[in-house]
Number of protein chains: 2
Amino acid sequence: MAPTPQPLTAERILEATEEVLRRHGPAKATVVDVARALGVSHGSVYRHFRTKAALREAVTKRWLDRTSESLSGIVAGDGNGDGGRDPETRLRDWFSALFAAKRRKAGDDPELFATYMVLTEENGDAVGEHIADLVGQLRRIVQAGVDAGAFAADDPETTARALFHASRRFHDPRYAPEWEQPGTEDDFRAVMDLLLRGLRA
Amino acid sequence: MAPTPQPLTAERILEATEEVLRRHGPAKATVVDVARALGVSHGSVYRHFRTKAALREAVTKRWLDRTSESLSGIVAGDGNGDGGRDPETRLRDWFSALFAAKRRKAGDDPELFATYMVLTEENGDAVGEHIADLVGQLRRIVQAGVDAGAFAADDPETTARALFHASRRFHDPRYAPEWEQPGTEDDFRAVMDLLLRGLRA
DNA sequence: CAGCTGACAGATATTGAAATCTGTCAGCTG
DNA sequence: CAGCTGACAGATTTCAATATCTGTCAGCTG
């Protein structure tokens, strides 16, 4: 709204880009739109991001990182020795939080969710990093469970990857249309039960 | 090639449609093309299929049914009392066969596979029936395992659904690009191990 | 003189007129 | 007369002209 007297930073450009994407959608959001929203010429945007693709990738990374961070709280006191909740509950909570967060985003603002689907499809690398991040969180939960004698897992990394893949139906955005169908909650619980049963020592 | 003197049947139209889809792809395959391939006017095609969408749906169903049939052999002597292989091997074989079949189709003829991906996306109902069919096959294997005392499952239907969902990464065509990446084989084995461990009595 | 502007060339997207396709049906044909 | 044809209206797609956008850079400005 105001003529933005602050210095032009990468951060401010990213915020404006998110806003433009929200307003116009991924197909019609242009670098000129972003510059106009900031009250600068589009040449200035190119001073901070080499290409439009790089700008969109940065927006994608930011968004995926926010998701990772919101989950890291559940991985919690890993290695701090306080024990906390039992490993099984922790793992179940982590997946429930992931599923709930994704489902809420898809349900609350379908258009914005669709926009981010397009962004993730064109930025496979950023998604790969995000998945590696999530699998890392899972690995730490599994490792803690093995250490506590609650889980049996020869190789926590492999097990973490297996858990991630086996639950994709409930967090991969491509299944979003199916998340609202009746029975989804039951399906989720059934998969979790089966996986946790396979994990028990 | 030849002027096809045989009577015009739904079956012959479906075969010609598959051929036209193979040649022109899903975007450019027209009803006029199908009629031309058969040496008839396009009005005759509409005598057997009410709309173009109905014709494409029938082609989709045929294709999905062929996949189901190729797996039904593995469900095999369910209930015939001969025992056969142990339930765990049977289940593993079934999933291996499903994964191998999908991966072969995607790898051997990527264009045709992409064509059928488009068809399945526009025919959600047919896909739903196909999934129900596959889950039914799984349920029978699980039930046989429970009867033999090898598997623990309160509700074989629920368990079958869970097994299906947990393995989607390895048969849902949307993941096809990832099937050729290194480590996929290991990921598949890890998921299967975890699921079978969770299933054991 | 660091940071920004705006004109520019080539690439990409939009638009509207023309071509093709879908679905119908009255009538032809064997 | 059962089954097929082909002309037709409205819907959809194609294509080429036009407009917009991306990315660069010489020069302006505070």
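Fair warning: this is a prediction, and the values are worked out from it, not measured in the lab. To find a chain, count down the sequence lines: A is the first, B the second, and so on, and within it residues start at 1.
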Original post:
Looking only at N and O atoms, is any donor in the side chain of B:H42 or the base of D:dG6 less than 3.5 Å from an acceptor on the other one?
Top reply: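 Result: no qualifying N/O pair found.
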Nearest whole Å is fine: how far is [N] [atom2] from [X] [atom1]?
X: B:F49; N: C:dT24; atom1: CZ; atom2: P; value: 15 Å
X: B:R36; N: C:dT20; atom1: CZ; atom2: P; value: 11 Å
X: A:R50; N: D:dG23; atom1: CZ; atom2: P; value: 10 Å
X: B:R47; N: C:dA26; atom1: CZ; atom2: P; value: 13 Å
X: B:L8; N: D:dT5; atom1: CG; atom2: C1'; value: 13 Å
X: B:D33; N: C:dG23; atom1: CG; atom2: C1'; value: 16 Å
X: B:K28; N: D:dC15; atom1: NZ; atom2: P; value: 8 Å
X: B:I13; N: D:dC4; atom1: CD1; atom2: P; value: 8 Å

**OP:** Respond yes when some side-chain nitrogen or oxygen of B:S44 is under 4.0 Å from OP1 or OP2 of D:dC4, and no when none is.
**Re:**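 Negative; the distance criterion is not met.
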Original post:
Going by an N to O cut-off under 4.0 Å, is there a salt bridge joining A:R22 and A:E19?
Top reply: yes
**OP:** Using a strict cut-off of less than 4.0 Å between a Lys/Arg side-chain nitrogen and an Asp/Glu carboxylate oxygen, indicate whether B:R189 and B:E185 qualify as a salt bridge.
**Re:** no
**OP:** Look through every strand shown and name the nucleotide pairing with D:dA26 as Watson-Crick or G-U wobble, where both distances are under 3.5 Å.
**Re:** C:dT5
**OP:** Please give the nucleotide sitting opposite D:dT14 as a Watson-Crick or G-U wobble pair, both distances under 3.5 Å, or none.
**Re:** C:dA17
Original post:
With respect to A:V31, which candidate in A:R36, A:R56, A:H42 satisfies the side chain to side chain contact (heavy atoms under 4.5 Å, CB included) definition?
Top reply: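 For A:V31, the side chain to side chain contact (heavy atoms under 4.5 Å, CB included) check succeeds only for A:H42.
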Original post:
Would one find more than 12 heavy atoms of other residues, nucleotides or ligands at under 6.0 Å from atom CZ of A:R66?
Top reply: yes
Original post:
With a cut-off of 6.0 Å (strictly less than), are more than 12 heavy atoms of other residues, nucleotides or ligands near CG of B:D154?
Top reply: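 No, because the 6.0 Å sphere around CG of B:D154 holds 12 heavy atoms or fewer from other groups.
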**OP:** Return the 5'-most residue of the pair B:H48, A:Y46 with respect to DNA chain D, ranking by each residue's nearest nucleotide.
**Re:** B:H48
Original post:
Start at the 5' end of DNA chain C and walk down; is the nucleotide closest to A:A27 or to A:G43 reached first?
Top reply: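 Checking each residue's closest nucleotide, the 5'-ward one belongs to A:G43.
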Original post:
Can you tell which of C:dG3, C:dT14, D:dT22 lies closest to the side chain of A:K52?
Top reply: D:dT22
Subject >> Residue B:S41, side-chain heavy atoms: nucleotide from D:dG3, D:dG6, D:dG23 that is nearest >> reply: D:dG6
Original post:
Across the strands shown, which category fits A:T30 at heavy-atom distances under 4.0 angstrom: base, sugar-phosphate, nothing?
Top reply: sugar-phosphate
